[in-house]
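Have a look at the structure below, then the notes.
Bear in mind that the values here come from a model prediction, so they are computed numbers and not experimental data.
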Amino acid sequence: MDLLKKANEAASSALATIEHKTAKALTKIDDAVGFMEEAIHDIEEVAGEILDGETHIIGDLLRRGLLEKPTKKTGHRQSDEDQSVKSGIVSVNTLTNKGPSADDSEKMMRDRASNAADVLRLRQLEKERLAAAELAFAPRRDAIDSLVLDVQLSSAKPKHMSFVVESAARRMAPTAATGIANYARGSMSSKAGTVNKMERKAIVELGGIEPLSDSLDEALGEYLCTCCADALANLAIDDNCRGAVGDSNAIENLVNILGNAAHPDADVSARQSALCEHAAACLRNLALDESNAKKMAVCGAIPALITLCNDGSPVTRCMSACCLACIAKFKDRCEQICDYGAVQPLIRMLEMEEEVCQLSSAGCLNELSRLRRNKFKISHNKGFETLIRVLARPRDPSIEGDFLLQMVQEKAMLILLNLVEDDKLHKKAVKLGVIATSIHQLEVGSSLGKEAAAWILCHLIKHVTEEQRVETAVPLADMIRGNQWSTKSASCKAIMQIFRTDDEKLMFIKKADGLKCLVDMLQEREPRLHENTLGAILALMENPEVPDMLLDEADLDVVPKLVRMIGAANLVVRKLTFGILKCLSIYDTVSVHAKIPLQHHYYIEHPPDEFMDFIHSFVTKRKERGYLSRVGKMSEKFTDEELNEYEALFTELDDDSSGSIDADEIGLLVEAMGGGKLSEDQLQEMINEVDMDGSGVIEWDEFLIIMWNLKTGKKTGLGGILGNALATGFKRSAVGKGFQKMGRFYNRKKIEMQELMDAELKEQREAEERARMADKYWEAEKLKRERLRNEQRLMNQAM
């Protein structure tokens, strides 16, 4: 029995040892598997990055046409080549349909493995660098922790703290707060002048914001409050720390400090103290966050900030104006700021010597001038006069800091733009010289100032004189030659608004070479430019001489540039392009159509409906100008009276003033003469009898040949019709009536479709009204039944 017990004990001990070793082995296996999975994940990420880079390079090569894309085999299994392309393992041999050799594949795999190893090594080095930085930062973190503790002791009043300890803590707190401020601004970092985010992060993590906020109590001493406000202001610069500072009670305490300084009974020197400057600077940094700006307004910061804008030091005024600008982004607060009387001190700040104060006040006025009711308050407080004086200051680029004056003038132009958006202020703006100031800014202003000046002129276009329009020609052309797309777009808009008569358009083209500038701008890659550029070209084409310039000058080469605009994604750009091409084709149908792909000819011959009025006006001007040439052999055979008569008839037949008569126009003449409607083949046969050059239409010279044959007794089918028209005294009124009749005939279907759409819309509205009335009826019925059920229930309860 003893031997059996010993054997059982030995067996159980061996079994326990085996289980323990097995568990240890399984644990090691699990650890190894986890390590391998992590390594595989890292390798997959690296390989994915490499494959993405290679795929991007291969796609770039394919787009440039340097490589050929392999054709896929349909109906069969993909080859190794296709699979390699699909997986990103592509080489030059693969893309040229030459299968990669085994050596090439092995080399690619070795290169990928080495690249993955390099990336993993760099990641490991980065981790080691961060760990070393954390280790090196540990002493500074301990120093920050001790400084935070010193500040915390100054604001805390535990029961066990003696008076001596409390006094010592009060004496050490300003020095500690100054140290925190130095760490926050980066002056204590290893590289002087740089901002160390690790130090700011450590201050937040160690709870330094709460004691700094609690110490903003003037009862603890003005110097301590100043140091704490400085520290919080430097922390609020960082976006990651601004939210933490705003979540504390710092805003309430800072607003209380400014409110005490702005109180009427307070000394004026308190508004110019360092405490007010640092408190306003801290609020300015916090106001960059919208939630903090709302919190300031709720705490009642607006009256105090306005008072400090009036009586504070230059730094306090600047920071207070910046805070008001951030608060003014909210509509209700924007009205409140003006109601509290902020406009007058802000306008006075525009004429201070300190350009920083000018800039901050201009920024705040720009925000305030967005509301209509504030515009009149700014105007009433001599805002126009002050802004014009600011814009009249000369700028010298050689002077250091001149960029501040440039920014002030840019803000001033934006304020003027906001003011002139109201029509009721136009007369006052013109009387005080806003137009002359805007033209001056077009010449000497910055890009933003020029853009604002162009928009101001667009608003005041009714009051711009002819001499002022001439002055704007060269500056607007120079703006088009600039680099910023917004400035170019504004100049195009101004060109459409300013130059309205034909003489003004021609002046702009000849004096400033404006047409070439606009055509060159069609080559810009910025899609937002094309709409206004094409609009400006179309506006200039109202002058009948402009299309001739576009077609005659070889340097412009405008048609190919317009053809590229046909494929634009913007629908407005496409419509404008078709409208311009239609007008150009009226002048020279053959050459324009020869440069345009065949599939787009229909859209040019049938331009969008929005341009029909413009094209009609364009054709009328062309006819009034007299577009038919009297220089030639055939013209010499007729008298002036005969040419005048033939020209009147040809002009009436040439409905689109293209300089030729096509089959449709001949058909209109036949129907107007009462000859019935002819088929297209019959009309084309009549044209072919006299078409000398085979163009399919009748030009002016060929028309004169018909008239000569008619005069000498040689008649054709078309010649007989034209002869009857002349013999019966077929005048302009008759042709006009015939064209009106045919126009009504061709537009009948369009009118019927519009009437059908109106009927459907009316029926839909009636159906909606019936549905609304039904819903109203059932709602009333539902209320009635509910009332009856309630009455029945009450009666049952009473019984």
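By the neighbour-count criterion of 12 heavy atoms within 6.0 Å, atom NZ of Lys493 is sparsely surrounded, having that number or fewer from other residues, nucleotides or ligands. Atom CD of Gln599 has more than 12 neighbouring heavy atoms from other residues, nucleotides or ligands inside a 6.0 Å radius. Asn483 CG: 12 or fewer foreign heavy atoms inside a 6.0 Å radius. More than 12 heavy atoms of other residues, nucleotides or ligands shown are found within 6.0 angstrom of NZ on Lys428. Met407 CE: 12 or fewer foreign heavy atoms inside a 6.0 Å radius.
Atom CZ in Arg372 sits 13.5 Å away from atom NZ in Lys377 (nearest 0.5 Å). The CG atom of Leu387 sits 9.5 Å away from the OG1 atom of Thr437 when rounded to the nearest 0.5 Å. Taking NZ of Lys575 as the start and CG of Asn570 as the end, the distance is 10.5 Å to the nearest 0.5 Å. Once rounded to the nearest 0.5 Å, the distance linking OG1 of Thr386 with CG of Leu350 reads 6.5 Å. Atom SG of Cys357 is separated from atom CZ of Arg317 by 7.0 Å, given to the nearest 0.5 angstrom. Taken from CG in Leu522 to CG in Leu534, the straight-line distance is 5.5 Å, to the nearest 0.5 Å.
Formation of a donor-acceptor pair under 3.5 Å by the Ser379 side chain with backbone atoms of Phe376 is not found in this model. Lys505 places a side-chain N or O within 3.5 Å of a backbone atom of Phe499 that can act as its donor or acceptor partner. Gln468 places no side-chain N or O within 3.5 Å of a backbone atom of Val464 that could act as its donor or acceptor partner. With Arg333 contributing its side chain and Ile327 its backbone, the two residues share no donor-acceptor pair below 3.5 Å. Side chain of His426 to backbone of Leu460: no donor-acceptor contact under 3.5 angstrom is found. With hydrogens and angles ignored, the 3.5 Å screen pairs a side-chain donor or acceptor of His601 with a backbone N or O of His593. A donor-acceptor pair under 3.5 Å is formed between the side chain of Lys488 and the backbone N or O of Gly482. No side-chain donor-acceptor contact under 3.5 Å links Ser489 to the backbone of Trp485. Without hydrogens or angle criteria, Glu524 side chain to Met521 main chain gives no donor-acceptor distance under 3.5 Å. Asp422 places a side-chain N or O within donor-acceptor distance of the main-chain N or O of Lys424, the cut-off being under 3.5 Å.
The minimum heavy-atom distance linking Ala321 with Cys309 is given by the pair N-SG, 3.7 Å. Across all their heavy atoms, Leu540 and Val546 have their closest contact at O-CG2, 3.0 Å. Between Gln409 and Val390, the shortest heavy-atom distance links the atoms NE2-O, 3.3 Å. Residues Gln406 and Ser446 share a closest heavy-atom pair of NE2-CB, 3.3 Å. When all heavy atoms of Leu368 and Ala328 are compared, the closest pair comes out as CD2-CB, 3.9 Å. Heavy atoms only, all atoms of each residue included: Gln441 and Gly449 are closest at CB-O, 4.5 Å.
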side-chain contact (heavy atoms from CB on, under 4.5 Å) for Thr577 and His530? Distances and angles first, verdict last.
CA-CA 10 Å; Thr577 304; His530 297 155; over 6 Å; no
Let me see the working for Phe508 and Thr472 under side-chain contact (heavy atoms from CB on, under 4.5 Å), right down to the final yes or no.
CA-CA 9 Å; Phe508 171 71; Thr472 60; over 6 Å; no
In sequence, state the C-alpha distance, the side-chain angles, and the governing distance for Asn543 and Glu504, and then conclude on side-chain contact (heavy atoms from CB on, under 4.5 Å).
CA-CA 9 Å; Asn543 187 325; Glu504 291 173 353; over 6 Å; no
Residues Val420, Leu425; criterion side-chain contact (heavy atoms from CB on, under 4.5 Å); working and verdict
CA-CA 6 Å; Val420 299; Leu425 295 176; over 6 Å; no
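Side-chain contact between Glu367 and Leu324: absent, with no pair of heavy atoms (C-beta onward) separated by less than 4.5 Å. Inter-residue side-chain proximity for Leu405 and Leu359 is flagged as unmet; no heavy-atom pair is nearer than 4.5 Å. The shortest distance between side-chain heavy atoms of Lys329 and Glu290 does not fall below 4.5 Å. Residues Lys382 and Ile347 fail the side-chain proximity criterion, which asks for heavy atoms closer than 4.5 Å. Using a 4.5 Å heavy-atom threshold, the side chains of Ile439 and Leu457 count as touching. Put simply, the side chain of Met565 does not reach to within 4.5 Å of the side chain of Leu576, judged on heavy atoms. Residues Gln358 and Arg393 are in side-chain contact: their nearest non-hydrogen atoms beyond the backbone lie under 4.5 Å apart. In this structure, Arg469 and Ile461 have side chains that are in contact, with non-hydrogen atoms separated by less than 4.5 Å.
Under a 4.0 Å N-O distance rule, the pair Arg373/Glu335 qualifies as a salt bridge. The pair Lys450-Glu443 fails the salt-bridge criterion, with no side-chain N (NZ, NE, NH1 or NH2) lying under 4.0 Å from an Asp/Glu carboxylate O. Under the 4.0 Å criterion applied to side-chain N and carboxylate O atoms, Arg348 and Glu351 are not assigned as salt-bridge partners. Under a 4.0 Å N-O distance rule, the pair Lys516/Asp513 does not qualify as a salt bridge.
Neither side chain, Asn374 nor Ser369, offers a donor N or O lying under 3.5 Å from an acceptor on the other.
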